K.L.:
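Here it is, the structure, as structure tokens.
Below, chains carry the letters A, B, ... as their sequence lines are ordered, and counting in each starts from 1. None of these values were measured; they are calculated from a predicted model.
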There are 2 protein chains.
Amino acid sequence: MIVSNPAAKDKGNGASGHATIRDVARAAAVSTATVSATVNASAYVSPALQQRVWAAIERVGYQPDAVARSLRKGVTRMLGLLLADITNPFTTAVVHSMEATAHARGYTLMLCNSDEDAAKEETHLRLLRTHRADGVVLMPVGTGADYAARMARLLRIPAVLVDRRIRDLALDLVTTDGAAGTRAAIAHILALGHRRIGIVTGPPGVSAGDERLAGYRAALDGQGIPFDPRLARSGDFRHGPAYAATRAILEGEDPPTALFACNNLMAIGMMRAIADLGLSCPGDLSVACFDDFEWATAFQPRLTTVAQPTDAIGATAVELLLDRLAGAAPDEPRQVVLAPRLIVRDSCAAPSR
Amino acid sequence: MIVSNPAAKDKGNGASGHATIRDVARAAAVSTATVSATVNASAYVSPALQQRVWAAIERVGYQPDAVARSLRKGVTRMLGLLLADITNPFTTAVVHSMEATAHARGYTLMLCNSDEDAAKEETHLRLLRTHRADGVVLMPVGTGADYAARMARLLRIPAVLVDRRIRDLALDLVTTDGAAGTRAAIAHILALGHRRIGIVTGPPGVSAGDERLAGYRAALDGQGIPFDPRLARSGDFRHGPAYAATRAILEGEDPPTALFACNNLMAIGMMRAIADLGLSCPGDLSVACFDDFEWATAFQPRLTTVAQPTDAIGATAVELLLDRLAGAAPDEPRQVVLAPRLIVRDSCAAPSR
DNA sequence: AACGATTAGCTAATCGTTTCGGAGGCCATG
DNA sequence: CATGGCCTCCGAAACGATTAGCTAATCGTT
């Protein structure tokens, strides 16, 4: 039996698409107020009437209209989700956890992707406002000096920042301690005996990347190793530029014996460059990167990574936001910085030279 | 200068959060009908008045309320996005393209993730209905015999299926030709001289996986090679089970000289198992898989894959759905099957034995 | 028996738009 | 000058829920 498209068929409840609360009221011979009260348990309704109302609801196939409810209550139970890049596996891991927490608390997410484009971000923000989202989870893309001011003007709803800070804009925030994570990774590499360690960084100005670079310098400092700018190049958090940056570092004079990529995407470009240069890992070169991901263990050798607690990040971000919506938050912004975890696998070894 | 949380400050337009169309009307000394007409260009308004209205809008900082508009018009310009697994890179690639097309057409996506769980799927579908989504993009998770009937009852809004069919339920659909893609990959492996080729399949009953298995059998058939059930095991589209399936196949008697994974996640498990068994690729074993992904080229050797046209899938799905919403679609469902592309890299070579 | 307190359910206003039908004003025509 | 037909704009009724305020009815107390 082939069931045909149900949307094309008669809905079975009259001409209009949906049964309304008035249909229920009529069917149960009560007022709409009573129906509303029994559905929401917002006022006393005698057991007998409740029974009748529920039966009527069942009979006419009533489903409350969230749009009408939102209009009346001034609250939509929708959260905007404004992402810098939805194809990044770190992002999707975080989103996965956000979706679960939000739905568990009765909220739905409106998905927007800014594609690392500040103009799109602005458009989306405006859209979220006209749709009356109760709040926004934001992975911001901007870096400029006036960015904070522009966002402040645009952001007229409660917001929580994830992963990246906005300089000079104090908002709720959840992020990972990038400096500590990178410091731990570099310390691990140093402990194996390396002294020349290269790093491919994010675009300058983006907090997440800057912190990681700072962690790298701190680790070097700890061993009294001076920072060599020839060993640090920006890969713009993307794999293409990271490929070029890696080659530039390795083809320079006095190349490093180990490399660190400041995010997952750049690790791809780095691995590709290393392969193209005919170098073996960890024989010729040790490698590690920020962000853990499923594929890390499928590589040969399995990649040593700094894992962010993606589940906690997503859940915390949504909870921070919902607390604020509920008025259960102090006025000053709360900033949660979670601890990363170094996962040592096989891609780092003692230097051969 | 630190800009503080703008949501905590005065909104600058009276006590209420937003300026309404009445505020604009009052400020411009016109009726709300005129404001609506100029904002939507839905009726003639003299240039002079238009000017006044726009000025007033600017002055009071008016932004139309999509909730109220939806209630009145009976249309929300929101699409439900009900995914089986948002962390899968194939899914996110498709979602990326859907988001772009939907926003370009003025639609917003409501994100729901069913986590391969039919019960969650049902809950989310109900939620999307109460939120009055105009339509749904669905990557379904169910397989049972009564699944089609349950979905038909639940699905009271236009829907388009992506990637997977629902048996006995005729709906708009966009998918990749899994049989053709797998056939091409297996033919490539056969052409290299392999005769014993193993396959790790998806959960039986899920159309996407079943088709790929069928393509495998067809390719073998073409060379007169009989199907050997010991070489085909289910990995349930997940990496854990795929790891076990791969080991089982390779540790059996008369093991294959080549392996095919029916999706990206299972390729991870497969590569891990191969490494753990101490086998080299493509020296001891050739490997290919369905689904291309960024990491495929970072592997050593770079993986040969069957790429799905993810951009086209996402865009087509949304367009099919919007066409139907606009009434610009025939009653009978349209099914778009796109061609996959075999990307030959380095993970397949002639058998050593 | 009268009165006030309490209770159960209803009436109607409201949220912010869109849109239908009309109301004037203006022009051309006979 | 009356008539009719535009043109512009406005008033008010929806859309489907929630909820403040009200009306009876019931009950206990004196």
K.L.:
Report yes if a donor N or O on one partner sits less than 3.5 Å from an acceptor N or O on the other, where the partners are the side chain of B:R72 and the base of C:dT18; otherwise report no.
P.N.:
yes
K.L.:
Please report, rounded to the nearest Å, how far the C1' atom of D:dA17 is from the NE2 atom of A:H18.
P.N.:
14 Å
K.L.:
For B:D23 and C:dC15, what is the distance between atoms CG and P respectively, to the nearest whole Å?
P.N.:
11 Å
K.L.:
Specify the angle, to 10°, made by the local axes at the two ends of the helix from C:dA1-D:dT30 to C:dG30-D:dC1 when five pairs are taken at each end.
P.N.:
60°
K.L.:
May I have the distance from B:R22 (atom CZ) to C:dT14 (atom C1'), rounded to whole angstrom?
P.N.:
11 Å
K.L.:
So, the side chain of A:Q335 versus the backbone of A:L173: is there a donor-acceptor pair under 3.5 Å, distance only?
P.N.:
no
K.L.:
Would you mind checking if A:E116 and A:R164 are paired as a salt bridge, meaning a charged N to carboxylate O distance below 4.0 Å?
P.N.:
yes
K.L.:
For a side-chain contact (heavy atoms from CB on, under 4.5 Å) check, start with the C-alpha distance between A:L82 and A:S114, then their side-chain angles and the critical distance, and finish with the verdict.
P.N.:
CA-CA 7 Å; A:L82 188 32; A:S114 61; 4.2 Å; yes
K.L.:
Not counting sequence neighbours, which residues clear side chain to side chain contact (heavy atoms under 4.5 Å, CB included) with B:A68? List them please.
P.N.:
A:L71, B:D65
K.L.:
Between B:Y107 and B:E99, is a side-chain hydrogen bond (donor to acceptor under 3.5 Å, both in side chains) present by the stated rule, with each step listed?
P.N.:
CA-CA 9 Å; B:Y107 280 79; B:E99 199 269 352; over 6 Å; no
K.L.:
Would you say the side chains of B:T91 and B:D85 form a donor-acceptor pair under 3.5 Å?
P.N.:
no
K.L.:
Could you write out each protein N or O paired with an N or O of nucleotides 24-28 of chain C at a distance under 3.5 Å?
P.N.:
none

K.L.:
Taking the side chain from A:D172 and the backbone from A:R334, do they hold a donor-acceptor pair closer than 3.5 Å?
P.N.:
yes
K.L.:
Looking across every strand, which nucleic acid part, if any, lies under 4.0 Å from A:R69 by heavy atom: base, sugar-phosphate, or nothing?
P.N.:
sugar-phosphate
K.L.:
Tabulate protein N/O versus nucleotide N/O from nucleotides 6-11 of chain D, keeping only pairs under 3.5 Å, one per line.
P.N.:
| from | atom 1 | to | atom 2 | distance (Å) |
| --- | --- | --- | --- | --- |
| D:dC9 | OP1 | B:S46 | OG | 2.8 |
| D:dC9 | OP2 | B:S46 | N | 2.6 |
| D:dC9 | OP2 | B:S46 | OG | 3.3 |
| D:dC10 | OP2 | B:S31 | N | 3.1 |
| D:dC10 | OP2 | B:S31 | OG | 3.2 |
| D:dC10 | OP2 | B:T34 | OG1 | 2.3 |

K.L.:
Which nucleotide, D:dT18, C:dT19, D:dG16, lies nearest any side-chain atom of B:K73?
P.N.:
C:dT19
K.L.:
Can you tell me which nucleotide in C:dG16, C:dT18, D:dT19 comes closest to the side chain of B:A68?
P.N.:
C:dG16
K.L.:
For B:R69, which residues count as a side chain to side chain contact (heavy atoms under 4.5 Å, CB included) partner, sequence neighbours excluded?
P.N.:
B:N40, B:P64, B:K73
K.L.:
Taking CG from B:D65 and P from C:dT18, how many angstroms apart are they, rounded to a whole number?
P.N.:
10 Å
K.L.:
Counting side-chain heavy atoms from C-beta on, which of C:dT17, C:dC15, D:dA17 comes nearest to A:L71?
P.N.:
C:dC15
K.L.:
Side chains of A:R156 and B:Q63: donor-acceptor distance under 3.5 Å anywhere?
P.N.:
no
K.L.:
With sequence neighbours excluded, tell me which residues meet ring pair (Phe, Tyr, Trp, His ring centres under 6.0 Å) with B:H103.
P.N.:
A:H124
K.L.:
Under 3.5 Å, is there a donor-acceptor pair linking the side chains of B:T76 and B:D134?
P.N.:
yes
K.L.:
Over how many whole Å does the gap from A:Q50 atom CD to C:dA8 atom P extend?
P.N.:
11 Å
K.L.:
With side chain to side chain contact (heavy atoms under 4.5 Å, CB included) as the test, pick out the partner of A:I313 among A:V94, A:V336, A:T175.
P.N.:
A:V94
K.L.:
Distance check needed: D:dT19 C1' versus A:I21 CD1, whole Å only.
P.N.:
11 Å
K.L.:
Measure OH/A:Y62 against C1'/D:dA17 and give the value in whole Å, please.
P.N.:
7 Å
K.L.:
Rounding to a whole Å, what distance do you find between A:R26:CZ and C:dC10:C1'?
P.N.:
16 Å
